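Both counts, for ligands and for their atoms, begin at 1 and track the order of listing. Everything quoted here is computed from the prediction, not taken from an experiment.
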Amino acid sequence: MDEKIINTSCSHDCGGRCVLKPHVKDGKIVRFESDTGEEPQLRACLRGRAYRQQVYAPDRIQYPMKRTGERGEGKFARISWDEALDTVAREMLRIKKDYGNASILLLWGGGSQAVLNGPMAVERLMAQFGGYTRAWGAASYEGPLFASMATYGTMNTGSARADHLNTKLMIMWGWNPAVTIWDPNTAYLLAQVKEKGIRIISIDPRLTDTTAVFASEWIPIRPSTDTAMMIAIAYVIIKKNLQDQNFLDTYTIGFDEFKNYVNGEEDGIPKTPEWAEKITGVPAATIERIAVEYATTKPAVLIPGWGPARGSMGEQFTRAACAVIAMTGNIGKEGGYAGGFMRAFHSREMSLPRTTKNAVEAGAAHRPNSLYKIRGAGHPTAARMHEVHVYDAILKGKAGGYSCDPKMAYIVASNFLNSRPDVNTGIAAFKKLGFIVIHEQRMTPTARFADILLPVNTFMEREDIAPPWLGSPYYLYVNPAIESRYESKSDFQICCELAPRLGIPDYAAGKDAEGWLRFVAERAGDITDFNSFKKDGVVKLKVEPFVAFKQEIADPANHPFPTPSGKIEIYSESLGEWQNPQMPAIPKYVPAPEGYGDPLQKKYPLQLLTSHHKPATHSTLEKIPWLEETEPRRLWLSTQDAKARGIADNDEILVFNDRGKVRIRAYVTDRITPGAVCLPHGGWFEIDENGVDIGGCENTLVPRLHSPGGAWSANTALVEVRREG
Ligand SMILES: Nc1nc2c(c(=O)[nH]1)N[C@H]1C(S)=C(S)[C@@H](COP(=O)(O)OP(=O)(O)OC[C@H]3O[C@@H](n4cnc5c(=O)[nH]c(N)nc54)[C@H](O)[C@@H]3O)O[C@H]1N2
Ligand SMILES: Nc1nc2c(c(=O)[nH]1)N[C@H]1C(S)=C(S)[C@@H](COP(=O)(O)OP(=O)(O)OC[C@H]3O[C@@H](n4cnc5c(=O)[nH]c(N)nc54)[C@H](O)[C@@H]3O)O[C@H]1N2
Ligand SMILES: [Mo]
């Protein structure tokens, strides 16, 4: 039989979303091509191109299964779909009757980023079932989102990548898009920026692939201390009177309060480069030079990455960056950049309508200390716990101050135990739950904890729409390349079949998958022809490169910023009302718990980073041989720290703290600043009989901490390392 080529796309959460063209022969995918169409091409990365090994992974879950051994032991027996769905329905109805909907936890993740399948399918089902308890606190970006909302009143603060070609200087601050993509073509664009002779500076504890290939200068910094450097940059700018005072006077509030803090008038500590050098390890002369260069080169781009903000007190990093950016007037201008959350187009907002509200949250009070006064800021109610507190909520329930006593978890599109902090506590919590149901593709460490395990298909086996990751101007259609493997079904299909068993008569409101996708595409407003979208698999919109806040800057009288004051809020009155020293009204350097300077460093001196990994999408695509070959997961350890501990490259080592122990090999390198180590995110945990994680999961070591705005502690964890054997 001839090969067929299918126009489809990747819908994983890897910072991209790209065109994939599987070649199918005899019902099997034999190879992948990517975009061969018009520019800009949306070309797949190594992960998309290796996807064949995910579809045909030997550990694909083939049939519905029920647990036969102890929870977590991974012993299952095959059952029919009828038995599986009847059991799930019976348990849900029982728990609802005995304990109420609030005791049902819906734990989701980013496994599928498409419109129809993944978490939203189950969310709709659970809402129609009378509600559920969920968590708040997005692992990815809660810190930058919070900071963006507090400062600019919106998450749409980015500019089109193409606009970076209009700049004269780029500062990448904790940003590694050669690995993390940040929408397709970002690395390609950086190549063009470099070719144009534009200087690129990278500030990162690690010499990343992006830094190695594109940057003119690498400034290593101690993790969790960036806000101190940012504030010292503000000090230099003020001292030399290089700020754009006219911009500050016209568009911002609170610069004077910030200045008083920076100068030391507020607390007697001038935030000089020498002050910052002691904290950050970056020489004072370097801080001064970068400050002057950034303030005097116009326009200039400063990209405050999400990595430094994915640590405790991460909000201060993004808030301080926005303040410094505002001081240089680089907002709303071509070649400038506002920082903040950095969404740059509306395409990402495409989703199914939420027809039924979650009754568990109806009437619940605002969460105290949230940004509920800012429209659209996302103001989760007090009926949610932060995601890092899910285990504590399971273990303690209402007695621990939580809004519910969780009895069951419905898990979808998440390797939850693996990708959330503190695996060992997670295991204890999951053992306590009455019932766990999971939709999964592969036998992940979390899947092993299911009571009922439902096999879900991959995006090669179903229909969907994949909006871009951050918001570039395009949409992708997911066309099935092959039949669903074994007995797997899509999340949408599973929900359609479970709904009547739960007493929900019309879950899909009379529409099939394509009907919903047509509805969503037509509602988006810029897809003119659904049929050709589906046939081609992609729509690339021709739009002017988006520059955030163009109108607000050009015509402030008619276009106020969407903040309470209508201005960029360097000082936020809403935050001032909190009276919380960890969330001041102006951005400040607040030492991070388990960050640099924590007294715990006497016991655990090394700062752990858990950066995103080239061969994996979180923990999805783990154990894919083609990908593992490209870069095995090892602990990045500086030559200096390795020498002090008698560790050589590739030695087996133990990384440990009070939460757990991980055995892994060392990557001894000068690509990481001394004092910091990095265990790339996503290794599948495997706790051996001695309690050691031999699977290399970073979350065995990461604490369940978050800062007041919700930023996770993923990059603030202290550890020690020693040689094994
Ligand atoms: N320490 C540390 N922890 C982190 C991070 C970090 O940097 N450091 N990063 C955080 C970030 S940014 C994120 S976004 C999260 C990600 O956390 P998660 O969203 O939980 O991501 P994964 O661990 O990849 O789990 C996704 C699972 O979904 C499954 N899956 C794939 N497709 C489908 C589908 O169509 N349907 C269903 N039902 N399942 C599917 C995959 O097989 C996989 O097991 O992790 C966070 N955790
Ligand atoms: N390959 C791959 N790509 C992905 C993903 C994936 O799992 N794999 N996940 C996607 C998702 S959901 C997300 S949210 C994004 C995440 O995208 P990012 O948050 O940008 O990714 P990270 O690698 O966690 O962090 C970026 C950089 O921040 C640096 N960093 C960490 N802490 C600090 C610090 O304290 N100071 C400074 N200056 N730098 C620091 C790290 O060394 C790293 O180089 O990536 C997306 N892209
Ligand atoms: Mo993320």
Mind checking whether [X] contacts ligand 1 via backbone (N, CA, C, O), side chain (CB onward), both or neither, at a 4.0 Å heavy-atom cut-off?
X	answer
T620	both
V456	side chain
R462	side chain

Ignoring hydrogens and geometry beyond distance, is a side-chain donor-acceptor pair present between [X] and [Y] at under 3.5 Å?
X	Y	result
Q54	R442	yes
H439	Y410	yes
Y132	E123	yes
D183	S472	yes
S707	E315	yes
D13	W469	yes
T716	S713	no
R222	T280	no
S638	D641	yes
W173	D226	yes

Worksheet item: Taking both backbone and side-chain atoms of W712, is any N or O found less than 3.5 Å from an N or O belonging to ligand 1?
Response: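 N/O-N/O distance under 3.5 Å: no.
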Discussion item. For ligand 1, which is the ligand I care about here, please tell me if D13 has any N or O atom under 3.5 Å from one of the ligand's N or O atoms.
Written reply: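 Such a contact does not occur with ligand 1.
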Item to complete: Start with the C-alpha gap between L635 and Y667, add the side-chain angles, then the distance that decides, and say whether side-chain contact (heavy atoms from CB on, under 4.5 Å) holds.
Response: CA-CA 5 Å; L635 183 89; Y667 169 42; over 6 Å; no
Under a heavy-atom criterion of less than 4.0 Å, does [X] contact ligand 2?
X	value
G311	no
T617	yes
F317	no
A616	yes
Y141	no

Can you report which non-hydrogen protein atom sits closest to [atom], along with the distance?
atom	value
atom 11 (C) of ligand 2	W469 CZ2, 3.5 Å
atom 41 (C) of ligand 2	S611 OG, 3.4 Å
atom 32 (N) of ligand 1	Q441 NE2, 3.2 Å
atom 7 (O) of ligand 2	H618 N, 2.7 Å
atom 21 (O) of ligand 2	T180 CG2, 3.7 Å
atom 22 (P) of ligand 1	S619 OG, 3.5 Å
atom 47 (N) of ligand 1	S419 O, 2.7 Å

Judged on heavy-atom distance to [atom], which of [options] sits nearest?
atom	options	result
atom 26 (C) of ligand 2	G174, S140, G305	G174
atom 43 (C) of ligand 1	E698, H613, E622, E440	E440
atom 36 (N) of ligand 1	L701, D491, L621, N715	D491
atom 20 (O) of ligand 1	A139, S414, A717	S414
atom 23 (O) of ligand 2	H612, H681, K614	H612
atom 39 (N) of ligand 2	A714, G307, P205	P205
atom 18 (P) of ligand 2	R310, M229, H12	R310

Need the ligand 2 atom indices (1-based, order shown) with element for anything under 4.0 Å from a heavy-atom of [X].
X	result
G15	10 (C), 46 (C), 47 (N)
T208	44 (O)
I221	38 (N)
W173	38 (N)

Practice prompt. Please determine if K489 and E483 form a salt bridge, counting it only when a charged side-chain N lies under 4.0 Å from a carboxylate O.
Written response: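 No, this pair does not count.
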What I want to know is whether [X] and ligand 2 share at least one N or O pair that is separated by under 3.5 angstrom.
X	answer
I203	yes
W175	no
T225	no
V179	yes
R47	yes
D226	yes
W306	no

Discussion item. Does the structure place the NZ or CZ of R343 under 6.0 Å from the centre of the six-membered ring of F341, at an angle of no more than 45° from the ring's axis?
Written reply: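 Not satisfied by the 6.0 Å and 45° rule.
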Fill in: W182 six-ring centre to R17 NZ/CZ under 6.0 Å and within 45° of normal
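Relative to the ring axis of W182, which defines the angle, R17 lies outside at least one limit.
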Worksheet item: Centroid-to-centroid, H618 to H612, below 6.0 Å?
Response: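 Judged by ring-centre distance (under 6.0 Å), H618 and H612 do meet the cut-off.
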Worksheet item: Can the ring centres of H706 and W136 be said to be less than 6.0 Å apart?
Response: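 Yes: the rings meet the under 6.0 Å criterion.
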Which pairs would a plain distance check flag for residues 458-467, meaning a side-chain donor or acceptor within less than 3.5 Å of a matching protein atom at least two apart in sequence or in another chain?
| unit_1 | atom_1 | unit_2 | atom_2 | d |
| --- | --- | --- | --- | --- |
| T458 | OG1 | M460 | N | 3.2 |
| T458 | OG1 | E461 | OE2 | 2.4 |
| E461 | OE1 | R60 | NH2 | 3.0 |
| E461 | OE1 | R485 | N | 2.7 |
| E461 | OE2 | R60 | NH1 | 3.1 |
| E461 | OE2 | R60 | NH2 | 3.4 |
| E461 | OE2 | T458 | N | 2.9 |
| R462 | NH1 | N457 | O | 2.9 |
| R462 | NH1 | N457 | OD1 | 3.0 |
| E463 | OE2 | Y477 | OH | 2.8 |
| E463 | OE2 | K534 | NZ | 2.4 |
| D464 | OD1 | V115 | N | 3.2 |
| D464 | OD1 | L116 | N | 2.8 |
| D464 | OD2 | L116 | N | 3.4 |
| D464 | OD2 | N117 | N | 2.9 |
| D464 | OD2 | N117 | ND2 | 2.9 |

Worksheet item: Short list, please: which atoms of ligand 1 are under 4.0 Å from a heavy atom of N699?
Response: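 Those atoms are 1 (N), 2 (C), 3 (N).
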Worksheet item: Would you say K661 has more than 12 foreign heavy atoms packed within less than 6.0 Å of its NZ?
Response: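 Not buried by this count: 12 neighbours or fewer within 6.0 Å.
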Discussion item. So does A714 get a backbone contact from the side chain of T610, meaning a donor-acceptor N/O pair under 3.5 Å?
Written reply: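 Flag set: sc T610 to bb A714 pair under 3.5 Å.
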Worksheet item: So, does T444 sit close enough to ligand 1 that a heavy atom of it is under 4.0 Å from the ligand?
Response: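 The answer is yes: ligand 1 sits under 4.0 Å from a heavy atom of T444.
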